[in-house]
Amino acid sequence: MQGVNNSLERRALLKRTGAATSIAGLAAIAGCLDDPSSGDDEIDELTITLSQFPDTIDPLDHITGDYFDVYDHIYEPLFDFEPGEGIFPRVVEDWEIQEGEGVTELSLRDDVVFHNGDDLTAEDVAWTINRTVDPEMGVVSDIGAYGLGSIEGAEALDDTTVAVGYGAAPGLAEFEFGNYARAMNMEWAIENHDAENGAISGADPEDFNGTGPYQVTDFTSGEEIVLERFDDYWGDEPPFETVIFNADGESSGRVNSLRTDETDLTINILPEDVGTVDDADDIEIRRVTSFRNIFCPMKNTVEPFDSQEFRQAMNYAVDNEAIVNSVLSGYGEARGQPVAPGINGFNDEIEPYEQDVGMAESLVEESGYGGVEIELTVPQGRYLNDAEVGETVADQIDQLENVSCEANLVEFGIVSDANSAGVDPDVIEIPFYLIGWGTITGDTDYGVQGFFTIPDNESRTFDDEELSDAILESQQIEDPDERRAQLEEVNQLAHEKAPFLFLHTQESIYGVREQISWEPREDETIYIWEMDA
């Protein structure tokens, strides 16, 4: 059986969406970028400023959006993913599920070459997948743990056919390998970087070698990476000759770079900086409601969060709609389930909890924890106005007559560590914290399994067999409609059991030079091949 959506030609889809984008872009053209050498409207060089520069050059040693924005252009995805549509051919031309075998066979293009001139083979793809999912091989990859969680391994059947094995339903596996499968050059990686025993490292352009439309020509570790078109790329010529990525951790700094023509596109503009961009010439704000939800996990193996009534009370204590409108200036949507609209399994019937202080105080009394003192740990600078959001949440909880709550602002790394610390009550130091999660595979499983499933998941944040079993059951359902219905039930269970204090779905806010034709994506991914100018 052929993979879902494989019959829809990717090029036709992109042509349609690209046409709409181009019309908007043409309407916006008011001149040309500062390019004294060109003398026309052609843009040959594009600079993108991220919020975080990659601290590794190994394409498997991360699961961070900023890193994908850079490395996807060097180590391209094997498939194209369109939010809400599914996956489409790219390096993989076709794929076929082997019924009842837990295997899908991928058919590769035969004209793909690496930047060093070597041909791409099925063995390269199989080795890369195995290096991603095998914790004993290469690096311990978060992509393998989270992105390819159901994938068990891969094998080259001939020069262009790869068999991918998995322990879940084919539909779930497709969401995973369709988003996270990449190709590295096996022989190059082993001979030059001992890549089966550690991460790839280095500081030279020659330390990168993918099949993407761009190759690295200059690299300053921690500061800047320069990409040039790869002349022997198998696909369409990308729109810019040169692409430069750099980073600035401050929204105001990124905006200033945009205003002074030092960059052409930047991410994560804070709401308070939007007006600065709007008031400037030749640049503009573009925004989209993303696949990233912001929420506060409550680890239920410690008091008072072991009470469902108490966890629900925390949800009734907070006015999410007001937080979105005031703290985020409207750049978000209140949410009452773990995933965002557009994700497979999102439950349209679930409304956000509405603030009801009386209900919250009653539930606290029912829980037996009246008079309790709690602390909400909050990161600074990771999400849109995260510190202000967390302080407001803590203040609204503190206004309950029978609960005291304070916010504790920390670096993001502390929250990240707390999130992966598991549910052993003897080791939990931070049971209540604010964090965000982008379900970039487009499937609810990626938004819930890491938080809620029990077997072989030491980093879970919630211990509940009914919720865990519902997720595990969904992973084995092969019928797409039945599986989607089960995932909707998973989200309903999560709403009722309240493992999180649900907050909102975050908007992605970009600052972009007007001449660039490009629309932001829900999955927060920036693909240069989707741009024009």
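Note that the structure is a prediction, hence the values are computed from the model and not measured.
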Enquirer: Where is the tightest heavy-atom contact between Thr132 and Ile143, given as atom of each residue plus distance?
Expert: CG2-CG2, 3.8 Å

Enquirer: Would you please say whether a donor-acceptor pair under 3.5 Å links the side chains of Thr441 and Asn179?
Expert: no

Enquirer: Quick check: closest heavy atoms across Val318 and Val393, and the distance to 0.1 Å?
Expert: CG2-CG1, 3.9 Å

Enquirer: How are the rings of Phe432 and Phe305 set to each other: parallel, tilted or perpendicular (split at 30° and 60°)?
Expert: tilted

Enquirer: Is the Phe68 ring parallel, tilted or perpendicular to the His62 ring (thresholds 30°, 60°)?
Expert: perpendicular

Enquirer: Is there a side-chain contact between Leu172 and Asp443 (heavy atoms, below 4.5 Å)?
Expert: yes

Enquirer: If every non-hydrogen atom of Gly332 is compared with every non-hydrogen atom of Val324, which pair is closest and at what distance?
Expert: O-CG1, 3.2 Å

Enquirer: For Ala498, is there any backbone N or O sitting under 3.5 Å from a side-chain donor or acceptor partner on Arg311?
Expert: yes

Enquirer: Got a salt bridge between Asp72 and Arg182, using NZ or NE/NH1/NH2 to carboxylate O under 4.0 Å?
Expert: yes

Enquirer: Between Arg286 and Glu519, does any NZ, NE, NH1 or NH2 come within less than 4.0 Å of an OD or OE carboxylate oxygen?
Expert: no

Enquirer: Looking at Thr266 and Arg254, would you say the former's side chain and the latter's main chain have a donor-acceptor pair under 3.5 Å?
Expert: no

Enquirer: Could you check whether any side-chain heavy atom of Ile435 comes within less than 4.5 Å of a side-chain heavy atom of Pro297, counting everything from C-beta outward?
Expert: yes

Enquirer: Closest heavy-atom contact between Glu406 and Ala394?
Expert: C-CB, 3.9 Å

Enquirer: Looking at Asp58 and Arg131, does any basic side-chain N land under 4.0 Å from a carboxylate oxygen?
Expert: yes

Enquirer: Salt bridge or not between Glu76 and Arg90? Use side-chain N to carboxylate O under 4.0 Å.
Expert: yes

Enquirer: Compare all side-chain heavy atoms of Thr104 with those of Phe177 and state whether any distance is below 4.5 angstrom.
Expert: yes

Enquirer: Just wondering, do Glu366 and Leu363 contact through their side chains at under 4.5 Å, heavy atoms?
Expert: yes

Enquirer: With a 4.5 Å limit on heavy-atom distance, are the side chains of Gln380 and Val410 in contact?
Expert: no

Enquirer: Mark yes when over 12 heavy atoms from residues, nucleotides or ligands other than Gln476 sit less than 6.0 Å from its CD; otherwise mark no.
Expert: yes

Enquirer: If we ignore hydrogens and angles and just use 3.5 Å, is the side chain of Ser468 paired with the main-chain N or O of Glu465 as donor and acceptor?
Expert: no

Enquirer: Check the angle between the aromatic planes of Trp518 and Tyr510 and answer parallel, tilted or perpendicular using the 30° and 60° thresholds.
Expert: perpendicular

Enquirer: Can you sort out the partners of Asp66 under salt bridge (Lys or Arg N to Asp or Glu O under 4.0 Å), two or more places apart, ordered by chain and number?
Expert: none

Enquirer: Going by the angle between their ring planes, with limits at 30° and 60°, are Phe452 and Phe500 parallel, tilted or perpendicular?
Expert: tilted

Enquirer: Work out which heavy atom in Leu467 is nearest to a heavy atom in Val490; give both atom names and the distance.
Expert: CD1-O, 3.8 Å

Enquirer: Can you label the angle between the Tyr71 ring and the Tyr75 ring as parallel, tilted or perpendicular, going by 30° and 60°?
Expert: perpendicular

Enquirer: Is Phe310 close to Val364 at the side-chain level, that is, under 4.5 Å between some pair of heavy atoms?
Expert: yes

Enquirer: On the 0 to 90° scale, with breaks at 30° and 60°, tag the Tyr316-Tyr353 ring pair as parallel, tilted or perpendicular.
Expert: perpendicular

Enquirer: Are there more than 12 heavy atoms of other residues, nucleotides or ligands under 6.0 Å from atom CD of Glu411?
Expert: no

Enquirer: Would one find more than 12 heavy atoms of other residues, nucleotides or ligands at under 6.0 Å from atom CD of Glu401?
Expert: no

Enquirer: Can you check whether Thr377's main-chain N or O pairs, donor with acceptor, with Asn408's side chain at less than 3.5 Å?
Expert: no

Enquirer: Specify the closest pair of heavy atoms between Cys296 and Leu503, including all atoms of both residues, with the distance to one decimal.
Expert: SG-CD1, 3.8 Å

Enquirer: For a side-chain hydrogen bond (donor to acceptor under 3.5 Å, both in side chains) with Arg460, tell me which candidate from Asp463, Asp464, Asn457 qualifies.
Expert: Asp463

Enquirer: Find out whether Asn320 and Arg335 are in side-chain contact, i.e. whether some heavy atom of one side chain is under 4.5 Å from a heavy atom of the other.
Expert: no

